Amino acid sequence: MTTALPPVVSQQDWLAARKALLAKEKEALKVRDRLNAERRRLPMVRVDKQYVFTGPDGELTLAEMFEGRSQLYIHHFMWRDDLDSGCPSCTATANLNFTPPMLAQLHNRDITFAAVSRAPAEKVLAYKEKNGWNFPFYSSYGSDFSYDMHASLDESRQPVEYNYLSKEELKARGFADEMLTGDWPANSVFLRDGDEVFHTYTAYARGLDHLFTPYNFIDLTPYGRQEAWEDSPEGWPKQGATL
């Protein structure tokens, strides 16, 4: 198979092009720093609903999920109803990122990590054991948690909304009714002040891109992710979303 290649230039021309790109990379970093600073200034919403989760030691509340720390990061672990199993992408992410060294880094900054799935507890715990995971993984089965966070779409539980778009807005963007169901990529962040819990942040879709570690490496290579949506030169390989 013949694949297109970047143009071949002199070292001097390459250095000039690289420096021009470096200036843009530095500006992008500054933009990200400004976004992070603005994120730290977001207001928050008190969580008044009493959510109940189930883990290996039985039931617990959202406040108990903090494990005594002040901040809680939740990965909404997607469940594939058609497979009656955990989402392959979430599974790959868990194997790569939800590791003891990563959790230790979060703990050092007063952050607790947990994954939550709407699947029944026996399925969640069996899937955790099957994969040999040690990170906190809970079931929210029977509660409104995943639906209130709009990580699970079910019109009988909560009006359909995803990535801060209403059902009508999603349909206008090409999402058919039959697509707007089940679990979708999301995370949620909470802050605890004594016994009170506050919702501070939730991101969806490509807002989670940078959390999948391989993308950070792949994006630096000539051919990138090789996904159909990418803006790449003519002739660059396109294999679809494989990760």
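All figures in this text were calculated on a predicted structure; none of them were measured in a lab.
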Check your understanding: Can a salt bridge be assigned to the pair Arg225 and Asp209 using a cut-off of 4.0 Å between side-chain N and carboxylate O?
Key -> yes
Exercise for review: Determine, for Glu230 against Lys238, whether the closest basic-nitrogen to carboxylate-oxygen distance falls under 4.0 angstrom.
Suggested key: no
What are the two closest non-hydrogen atoms of [X] and [Y], and how far apart are they?
| X | Y | answer |
| --- | --- | --- |
| Pro237 | Tyr223 | CD-CD2, 3.4 Å |
| Met102 | Asn97 | CE-O, 2.8 Å |
| Ala114 | Leu72 | CB-CD1, 4.3 Å |
| Leu60 | Gly55 | CD2-N, 4.2 Å |
| Cys87 | Arg80 | CA-CG, 3.9 Å |
| Ser139 | Ala121 | OG-N, 3.3 Å |

Check your understanding: Which residues satisfy the side chain to side chain donor-acceptor pair (under 3.5 Å) test with Tyr162, sequence neighbours excluded?
Key -> none
Practice item. With sequence neighbours left out, write down each residue that passes side chain to side chain donor-acceptor pair (under 3.5 Å) with Tyr51, or none if nothing qualifies. Key: Asp148
Practice item. Return the orientation label for the Phe137 and Phe77 ring planes: parallel under 30°, perpendicular over 60°, tilted otherwise. Key: tilted
Rounded to the nearest 0.5 Å, how far does [atom2] of [Y] lie from [atom1] of [X]?
| X | Y | atom1 | atom2 | answer |
| --- | --- | --- | --- | --- |
| Ser152 | Trp79 | OG | CH2 | 12.5 Å |
| Asp57 | Glu64 | CG | CD | 11.0 Å |
| Asn163 | Arg206 | CG | CZ | 11.5 Å |
| Leu125 | Trp133 | CG | CH2 | 12.0 Å |

Before we go on, tell me: are the rings of [X] and [Y] under 6.0 Å apart, centre to centre?
| X | Y | value |
| --- | --- | --- |
| His76 | Tyr204 | no |
| Phe190 | Phe198 | no |
| Phe135 | Phe98 | yes |

Review point. Do Arg118 and Asp81 pass the salt bridge (Lys or Arg N to Asp or Glu O under 4.0 Å) test, and can you show the C-alpha distance, the side-chain angles, and the key distance before you say yes or no?
Key: CA-CA 11 Å; Arg118 64 176 170 82; Asp81 293 321; 2.7 Å; yes
Review point. Does the salt bridge (Lys or Arg N to Asp or Glu O under 4.0 Å) test come out yes or no for Asp177 and Lys167, once each step is laid out?
Key: CA-CA 9 Å; Asp177 282 326; Lys167 181 179 180 180; 3.6 Å; yes
Check your understanding: Given the rule in the salt bridge (Lys or Arg N to Asp or Glu O under 4.0 Å) test, do Glu25 and Lys19 qualify, once you have shown the distances and angles that lead to the verdict?
Key -> CA-CA 10 Å; Glu25 289 176 334; Lys19 285 184 175 180; over 6 Å; no
Check your understanding: Going by distance alone, is a donor N or O of one side chain under 3.5 Å from an acceptor N or O of the other, for Thr91 and Tyr127?
Key -> yes
